[in-house]
Amino acid sequence: MDHSSVIFGNPMSEKVLRKARKTQRDSIKKFGDDRGTPYHLALSGTPVLTDLGTALLVKGDKPLGELPPKPVIIGNIRMGFGHYRISMAMCSAARALGCSPLWLDLNSFPDTTAGKIINHSNELYSMGSRWSQKYRLFNKFFWEPLNSEGFRQLSYNAGDQSNAELMTTLYGDFDRSVPVVATHVWPAQAAVHAGMKRVVNAIPDNWQMALHLSEGSIHTVQTPSAYLGYKTLRGMEKEKILKPMPDGSLYCTGHYIDHELVANLEADSARRIARAEGGQPLRYLLTVGGAGAQQELFAAILRQLVPLAKAGKAAVFVNVGDHKNVLDSLRAEIPGLADGSEHSDYAEIKSFAQAALDGELTGVHLFWSEDIYTAVYTTNLLMRASDLLLTKPSELAFYPVPKLMLHRIGGHEAWGAIRAAELGDGTFECDSVPQTLQMLQLLQDERGMLAEMSRAILRQNSIGTYSGAYKVIRLAMGEEL
């Protein structure tokens with residue numbers, strides 16, 4: 001299927017098509033072409049995915065056998081933590097709705113063409129993210145424009161679609177009727193090219209970009225503004241007015257949130273309000289993203305928070321994910337941080353997070369894990385017992401916990417902070433260290449601000465703002481919204 005020549009009724013120029021075809025030829029030359037090679041999968045698991053009722057798909061030596069009842073493939077890639085976290089939300093919602101989620105990470109099969117292409121792209125994106133925080137001119141003149149306008153163009157989608165034709169082999173074992181939910185566009189595009197009949201492409205960003213289009217999929221977005229932007233393909237060919245996405249190809253579902261967080265939202269919000277208004281020590285959750293950027297900003301924040309924790313006025317959770325080197329560097333740099341308790345075992349982290357819900361807590365607690373699933377999911381576990389999440393406005397901008405929005409990495413993230421600030425469940429994007437530290441001090445001193453964020457979360461929950469993951473799964477299973 002050719003999804004590069006015409007995108008939602010909008011024809012691409014011959015120049016764009018030549019570039020798209022060259023992109024595919026270059027990929028074949030560098031990474032090979034395994035479309036004619038049979039590739040088999042098998043069911044496995046990890047502790048985190050097992051807790052989410054999810055089977056992990058790994059390489060097998062024979063065709064995949066009978067699947068569990070009501071299977072749904074959760075297609076994703078390891079590119080930072082965001083796409084994994086959204087996938088975990090989809091798995092959680094699928095299990096809650098009686099489905100059997102199957103985790104398919106195209107980036108975890110390094111001997112396939114798909115794995116090689118994605119891993120190469122991931123390395124480039126991670127490097128760009130880190131450079132954007134180190135080199136101001138690189139960020140201003142290359143990284144921000146690429147992430148806000150470069151990825152926005154239909155011409156970029158044409159090249160991606162051409163490359164995705166090389167990623168189909170991992171769907172070879174499946175009956176074409178098995179539904180697919182993709183939390184990155186490449187698994188969605190690959191599924192469509194492989195002939196899968198029911199593909200839902202869960203778009204993560206609040207800023208419309210053609211990068212996220214997978215024609216032949218059902219597209220979902222989290223916000224009304226994203227819906228209008230994608231519906232009209234706004235700005236995806238500069239100032240040209242384009243043919244819109246057709247009826248039935250795009251839905252606004254609400255935020256993609258784990259069932260465990262939504263089901264316990266009212267009780268968790270009540271605890272936060274009680275701590276804020278009762279003058280109890282506040283719990284701060286600082287999470288390092290998958291690219292491992294923003295270390296200087298984290299250091300400045302921790303210099304302000306660690307003394308509060310040592311004085312019994314706060315509890316500080318620091319999750320560095322699988323970036324143990326970041327933790328070692330911060331411990332060497334921040335006075336008192338090395339005295340914090342360390343947590344790296346999944347079972348112990350689960351126990352800690354559960355006990356923290358109603359227990360009293362102060363001090364500094366440091367979290368990391370070599371296991372990528374634990375590294376990502378630790379933030380989700382700690383979120384319920386936290387009063388304020390400090391995060392860049394990526395996928396975490398949409399979660400139902402009060403948030404202090406740190407400076408973005410890439411222009412597309414700006415609209416995540418705008419969404420949170422407008423809903424009232426987060427601050428505006430703090431785009432400098434002094435502004436971040438000022439906001440942090442305000443939230444510590446004026447507790448009513450945090451309490452009001454929790455009340456905003458309760459109001460938004462009452463109208464289904466955080467129920468998007470359920471709706472995505474329902475769409476994948478063929479239900480009408």
Side-chain angles (χ1 to χ4, degrees), residues 255 257-258 260-287 301-319 340-341 352-365 367 378-391 393 396-406 417-430 435-467:
H255 298 187
I257 307 298
D258 312 55
E260 292 75 18
L261 295 175
V262 178
N264 293 287
L265 185 149
E266 292 188 3
D268 294 343
S269 296
R271 292 187 186 97
R272 292 185 186 111
I273 293 170
R275 283 192 293 267
E277 296 183 339
Q280 299 174 40
L282 297 179
R283 288 98 172 273
Y284 296 94
L285 173 56
L286 181 60
T287 179
I301 292 168
L302 289 170
R303 288 192 189 96
Q304 185 159 312
L305 287 179
V306 170
L308 290 175
K310 285 188 166 292
K313 297 180 180 180
V316 180
F317 308 145
V318 183
N319 180 24
S341 60
F352 175 93
Q354 183 64 36
L357 289 175
D358 293 305
E360 295 184 2
L361 198 62
T362 57
V364 177
H365 302 270
F367 300 85
T378 290
T379 294
N380 297 51
L381 290 171
L382 295 172
M383 210 179 292
R384 290 189 55 204
S386 299
D387 294 310
L388 184 69
L389 170 66
L390 292 87
T391 178
L396 285 169
F398 300 92
Y399 274 71
V401 57
K403 297 170 286 287
L404 192 163
M405 291 298 177
L406 307 178
I418 292 170
R419 172 68 170 174
E422 288 297 312
L423 292 185
D425 65 1
T427 70
F428 55 79
E429 181 185 356
C430 297
Q435 191 175 71
T436 302
L437 299 182
Q438 179 200 43
M439 183 64 72
L440 189 59
Q441 192 66 51
L442 275 173
L443 292 168
Q444 171 71 21
D445 294 342
E446 299 187 20
R447 302 295 189 88
M449 296 172 66
L450 272 179
E452 182 52 36
M453 285 187 188
S454 288
R455 293 190 177 96
I457 288 170
L458 290 169
R459 289 193 297 271
Q460 292 302 321
N461 188 54
S462 70
I463 60 173
T465 296
Y466 307 112
S467 298

* Is the shortest heavy-atom distance from the side chain of L388 to the side chain of L282 under 4.5 Å? -> no
* Asked: Parallel, tilted or perpendicular: which describes the rings of H365 and F352, with under 30° parallel and over 60° perpendicular?
  -> tilted
* To do: State, yes or no, whether a side-chain contact exists between L443 and D387 at a heavy-atom distance under 4.5 Å.
  => no
* To do: Determine yes or no for a side-chain-to-main-chain donor-acceptor pair under 3.5 angstrom, with R384 supplying the side chain and L381 the backbone.
  => no
* Structure fact -> Rounded to the nearest 0.5 Å, the CD atom of Q441 sits from the OG1 atom of T436 at a distance of 13.0 Å
* Separation between CG of D445 and CG of L440, rounded to the nearest 0.5 Å -> 9.5 Å
* Inter-residue atom distance M383.CE - L396.CG, 0.5 Å rounding -> 5.0 Å
* Asked: Is there a donor in the side chain of N264 and an acceptor in the side chain of E260, or the other way round, less than 3.5 Å apart?
  -> no
* For T379 and L285, what are the C-alpha separation, side-chain angles and deciding distance, and is it a side-chain contact (heavy atoms from CB on, under 4.5 Å)? -> CA-CA 8 Å; T379 294; L285 173 56; 4.1 Å; yes
* Please tell me if the side chains of M453 and T427 come closer than 4.5 Å, counting only heavy atoms from C-beta onward. => yes
* To do: Supply the atom-to-atom distance L265 CG to T465 OG1, rounded to the nearest 0.5 angstrom.
  => 10.5 Å
* To do: For residues F317 and T378, determine if any side-chain heavy atom of one lies less than 4.5 Å from a side-chain heavy atom of the other.
  => no
* **Minimal non-hydrogen separation, R447 against A276, with atom names** => CB-O, 3.1 Å
* Asked: So which heavy atom on C430 is nearest to which on M439, and how close?
  -> SG-CB, 4.0 Å
* Nearest 0.5 Å please: distance from the OG1 atom of T287 over to the CG atom of L382. => 9.0 Å
* So K310 and V306, side-chain contact (heavy atoms from CB on, under 4.5 Å) or not? Walk me through it. -> CA-CA 6 Å; K310 285 188 166 292; V306 170; 4.3 Å; yes
* Kindly give the heavy-atom pair with the smallest separation between G424 and A456, and that separation in Å. => O-CB, 3.5 Å
* To do: Please say whether more than 12 non-hydrogen atoms of neighbouring residues, nucleotides or ligands are located less than 6.0 Å from CD in E277.
  => yes
* Looking at side-chain heavy atoms only, is the closest gap between H255 and R419 below 4.5 Å? -> yes
* Asked: Checking S269 side chain against E266 main chain: does a donor-acceptor pair fall under 3.5 Å?
  -> no
* **Test item: P400 and I257 side chains (from C-beta on) under 4.5 Å apart, heavy atoms** => yes
* **I273 side chain near R455 side chain, heavy-atom distance below 4.5 Å** => yes
* What are the two closest non-hydrogen atoms of L361 and A315, and how far apart are they? -> O-CB, 3.7 Å
* Establish, from distance only, whether the side-chain atoms of D258 and Y399 form a donor-acceptor pair under 3.5 Å. => yes
* Any donor-acceptor N/O pair, S386 side chain to R283 backbone, under 3.5 Å -> no
* Compare all side-chain heavy atoms of I301 with those of Y284 and state whether any distance is below 4.5 angstrom. => no
* So which heavy atom on A385 is nearest to which on A353, and how close? -> CB-O, 4.2 Å
* Asked: Closest heavy-atom contact between R272 and P402?
  -> CD-CD, 3.7 Å
* Pair L423-I457, side-chain contact (heavy atoms from CB on, under 4.5 Å): steps then yes or no -> CA-CA 8 Å; L423 292 185; I457 288 170; over 6 Å; no
* **CD-CG distance between Q460 and D425, expressed to the nearest 0.5 angstrom** => 7.0 Å
